[in-house]
Amino acid sequence: MSGTIGLQELWAGVEESAGLIDVTCSPERMWPVLTAYEDAIAEAVIAFRVATNARHEGELDVRFTVPWYIDPYLRAREHGLVTETGHPVESLLADIREQCPVDLYGVDAGVVGGFRKIWVYFPADAHQSLAGLAGLESMPPSLAANLGFFTERGIEGRVDLIAIDYHSRTINLYFTQLPEALRRPEAVLAMHRDIGLPEPSEQMLRFCERTFGFYATLTWDSPGIKRIAFSVKTQDPLSLPARLGPKIEQFVKSVPYGVDDPKMVYAAMTSSGEEYYKLQSYFRFQSRSRLDQMPSADHAA
């Protein structure tokens with residue numbers, strides 16, 4: 001789908017896509033998000049995301065891009081999408097905007113849960129260093145505590161974007177252009193072991209051999225890395241070594257939008273050992289945009 005998008009057209013697509021996985025939309029939670037960013041949505045890259053694990057069952061995420069000159073957090077606050085409590089997560093976007101160059105933003109909301117996240121995309125030639133980000137006053141202290149994990153793997157200076165989850169009070173740090181050595185099974189196993197996660201299955205290790213990047217989740221409430229997830233871009237998700245489950249397989253086969261556009265599939269492991277996959281399909285795709293790698297920003301496990 002190309003051209004400008006109106007809210008009614010997008011809402012029809014949301015309802016149709018949600019119906020494919022038996023999810024009922026909540027207009028009172030989702031419509032305020034769409035109207036808050038109506039001026040951005042007309043030209044935005046728009047994607048839908050579903051996940052296989054029990055925690056995410058019954059939800060369809062809608063995410064869209066926002067131009068760099070719009071402050072997406074200020075817009076969310078003005079429209080009553082967030083209620084401030086004094087937590088550092090509420091200051092993080094402002095701190096990032098003050099120190100770092102920003103290419104553009106993204107907003108993520110669930111058709112059931114409503115507004116959730118903001119992404120901050122850095123320019124392609126200005127990836128940020130973790131050391132610099134760790135110095136931000138509102139950044140989770142767990143970032144500074146885990147710099148060694150990223151530095152040892154040669155990716156400390158490769159932060160492509162950050163997702164701020166205002167619901168779970170977590171952040172995701174995204175790393176693209178992953179070195180080939182980090183895709184190998186022994187490297188993936190070592191990453192899970194080093195942060196205390198269960199070992200991934202052989203299926204997931206095969207999946208990770210095709211990954212182009214990964215992200216790590218951090219929180220203000222824990223000193224460790226909460227989770228890591230690996231990403232693959234593909235035209236045919238059903239060809240991947242991944243258990244997508246019957247509902248998501250039906251979604252892949254039946255979603256009427258973005259049939260010829262690439263899909264994003266992410267693999268992750270929870271602390272309890274639940275291995276799950278997330279799939280993102282585009283409602284409106286711009287192949288010449290760097291957002292053809294729009295991430296599947298994850299909910300807290």
Side-chain angles (χ1 to χ4, degrees), residues 1-2 5 7-27 29-31 33-34 44-64 106 108-114 116-117 200-208 210-212 229-270 272-285 287 291-301:
M1 176 172 290
S2 60
I5 298 293
L7 294 193
Q8 293 294 342
E9 183 181 5
L10 173 56
W11 183 250
V14 169
E15 289 190 307
E16 184 174 9
S17 298
L20 295 174
I21 54 172
D22 299 324
V23 170
T24 301
C25 297
S26 299
R29 301 301 301 275
M30 191 67 200
W31 195 252
V33 179
L34 301 184
V45 176
I46 304 169
F48 301 150
R49 203 286 306 271
V50 293
T52 64
N53 62 328
R55 180 178 177 86
H56 298 111
E57 188 174 1
E59 182 67 285
L60 174 76
D61 290 327
V62 179
R63 55 276 311 276
F64 50 86
D108 183 15
V111 300
V112 176
R116 191 172 190 102
K117 304 182 187 71
S201 67
E202 289 296 326
Q203 172 186 258
M204 183 172 170
L205 293 176
R206 294 198 307 273
F207 176 95
C208 290
R210 298 179 58 173
T211 189
F212 72 88
F230 298 83
S231 55
V232 168
K233 182 167 65 174
T234 179
Q235 294 282 1
D236 182 14
L238 298 182
S239 68
L240 296 173
R243 296 185 296 270
L244 297 182
K247 282 191 177 181
I248 293 184
E249 288 186 7
Q250 180 64 25
F251 181 85
V252 172
K253 295 175 181 177
S254 306
V255 65
Y257 308 105
V259 174
D260 297 323
D261 297 332
K263 310 294 189 297
M264 298 292 295
V265 182
Y266 280 71
M269 175 81 69
T270 68
S272 64
E274 181 187 15
E275 194 171 286
Y276 64 100
Y277 295 85
K278 297 159 286 179
L279 179 136
Q280 178 168 289
S281 179
Y282 290 91
F283 178 79
R284 184 177 189 271
F285 180 76
S287 61
L291 292 185
D292 62 359
Q293 296 179 355
M294 182 187 238
S296 174
D298 189 22
H299 295 177

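A search for side chain to side chain donor-acceptor pair (under 3.5 Å) contacts involving E249 returns nothing, not counting sequence neighbours. S239 pairs by the side chain to side chain donor-acceptor pair (under 3.5 Å) definition with nothing, not counting sequence neighbours. Considering only residues two or more places apart in sequence or on other chains, S201 meets the side chain to side chain donor-acceptor pair (under 3.5 Å) condition with E275. Legend: residues meeting side chain to side chain contact (heavy atoms under 4.5 Å, CB included) with P27, ordered by chain and number and at least two apart, are W11. Residues passing the side chain to side chain donor-acceptor pair (under 3.5 Å) test with T24: none are found, sequence neighbours excluded. Judged as a side chain to side chain contact (heavy atoms under 4.5 Å, CB included), and not counting sequence neighbours, the contacts of Q235 are P262.
Here the closest heavy-atom approach between residue R210 and residue L240 is recorded as NH1-CD2, 3.3 Å. Minimum interatomic distance between V112 and G58 (heavy atoms only, all atoms of both residues): CG2-O, 3.4 Å. Q250 and S254 make their closest contact through NE2-OG, 2.7 Å (heavy atoms, listed as atom of the first residue, atom of the second, distance). Among all heavy-atom pairs drawn from M30 and V62, the shortest one is CE-CB, 3.5 Å. The shortest non-hydrogen separation linking P200 to M269 is CA-CE, 3.4 Å. Here the closest non-hydrogen pair linking P241 and R206 is CB-NH2, 3.9 Å.
For the atom pair CD1 (I248) and CG (L238), the distance works out to 10.5 Å, reported to the nearest 0.5 Å. Atom CG of residue L60 and atom CD1 of residue I21 lie 5.0 Å apart, to the nearest 0.5 angstrom. The CZ atom of R63 sits 6.5 Å away from the NZ atom of K117 when rounded to the nearest 0.5 Å. In this structure, CG in L7 is found 6.0 Å from CG in L34, a value given to the nearest 0.5 Å. One finds the CG atom of L244 at 6.5 Å from the CG atom of L279 (value rounded to the nearest 0.5 Å).
No donor-acceptor distance shorter than 3.5 angstrom exists from the side chain of R29 to the backbone of G110, with no hydrogens or angles considered. Put simply, the side chain of E15 never gets that close to the backbone of C25: no donor and acceptor are under 3.5 Å apart. Although no hydrogens or angles enter the test, the distance criterion places no donor-acceptor pair under 3.5 Å between the side chain of T211 and the main chain of V232. Of the possible donor and acceptor atoms, one in the side chain of E59 sits under 3.5 Å from a partner among the backbone N and O of V111.
Using a 4.5 Å heavy-atom threshold, the side chains of R284 and F64 count as separate. Under the 4.5 Å side-chain criterion, counting only non-hydrogen atoms from C-beta, F283 is not in contact with V255.
For the 3.5 Å distance criterion, the side chains of E16 and Y257 qualify, holding a donor opposite an acceptor.
Between Y277 and F207, the ring centre distance stays below 6.0 Å.
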